[in-house]
Amino acid sequence: MSKTKHILGLSGGKDSAALAVHMNNKYPDLDIEYFFTDTGYELKETYDFLNKLKTRLDKPIHYINPRNSFDYYLKKYNNFLPSQTARWCTIEMKLKSMETWLKPALDEGQEIITYVGIRYDERGRVGYKPTNDLIKAKFPFIEDCIDKEGVMEILESSGLGLPDYYKWRSRSGCTFCFFQRRSEWIGLKENDPAAWEHAKSLEKQATDNASAFTWIKDMPLTELEKPEVIAKIKEQHKRQLEKLKLKKDQQTQNNPFLKGEDISFEENLALDDVSSSCLICHK
Ligand code: SF4
């Protein structure tokens, strides 16, 4: 009988990282292959977080790269930037490279078990749907009744903590990810000016080639970067944070990770659970 292959995909987010630590510690006999589909455009905080994570695991993290650059795929898709409704970036840069990595095992008829970081408090959420009958998904956090608090506990007790990107952004993923809010785009400009310029150049490539779509609907980055626009967005965001601060409940205050962290960190951490994001890029 063919050997079963066990895999666990890391997105750079807190839940998949906590799941890796959980599986490493609780099921040390399982020969799990940890992997990260690295588009090459991930946040530097994500790479730092994964570097820290690898010191908590007994096995290495396998990095899988797409065959081509985002710029190449942008041309392939007629210079239409990806969006929530046309998400070719995840297919080309994450899913296809993962399938290529798994192909030899599947060709041999190996069963593949993929461990997914959907938490107990998220059970019922639509998860990864394998495209091949040989791939089976397992949800250890649901089986072991681990909720968000449990995930925080794993991250704290392992000394891993939370990814630093929460200081200015709510999710992992590409620097130019269209899931970002306006305030997060400003965060990108301030925290990674080179990545901001790259995002602008991709948008210019799109609009120079008759694509009507910009990263943010009706707001090109050249408009967003105007000082008066930045000031307005920052002011709106500040007001949102002030409201959130008023509503901050005791449970959040008692979270050991959040002691000393500002309200913006808390807001980003809370937004990370919004279900519009996806398991592969953000979980
Ligand atoms: S992180 Fe965002 S831009 Fe990158 S592949 Fe995922 S959805 Fe696309």
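The first residue of the sequence shown is numbered 1, and numbering continues consecutively from there. All ligand and atom numbering here is 1-based and tracks the order in the structure.
Considering every non-hydrogen atom in both Val21 and Ser158, the closest pair reads CG1-CB, 3.9 Å.
Aromatic ring pairs are classed by plane angle as parallel below 30°, tilted from 30° to 60° and perpendicular above 60°; the pair His22 and Tyr27 is perpendicular. In this structure, Phe176 and Trp215 have parallel ring planes: the angle between them is below the 30° cut-off, well short of the 60° mark. Ring pair Trp101/Phe35 is tilted by interplanar angle, where 30° to 60° counts as tilted. Using cut-offs of 30° and 60° on the angle between ring planes, the pair Phe36 and Tyr63 is perpendicular.
The contact set between ligand 1 and Thr90, taken as ligand atoms under 4.0 Å from a residue heavy atom, comprises 5 (S), 6 (Fe), 7 (S), 8 (Fe). Numbered from 1 in the order shown, with element, the atoms of ligand 1 that lie under 4.0 Å from a heavy atom of Gly173 read 1 (S).
Among the backbone and side-chain atoms of Cys177, an N/O/S atom is found under 2.8 Å from atom 2 (Fe) of ligand 1. Taking backbone and side chain together, Cys89 holds an N, O or S atom under 2.8 Å from atom 8 (Fe) of ligand 1.
Counting heavy atoms only, Cys174 comes closest to atom 4 (Fe) of ligand 1 of the residues Pro82, Ser11, Cys174.
Salt-bridge formation is detected for the pair Lys76/Glu92: a Lys NZ or Arg NE/NH1/NH2 atom is positioned less than 4.0 Å from an Asp or Glu carboxylate oxygen.
Contact annotation: Thr39 has no heavy atom less than 4.0 Å from any atom of ligand 1. Ligand 1 lies within reach of Arg87, whose nearest heavy atom is under 4.0 Å from it. Contact annotation: Phe178 has at least one heavy atom less than 4.0 Å from an atom of ligand 1.
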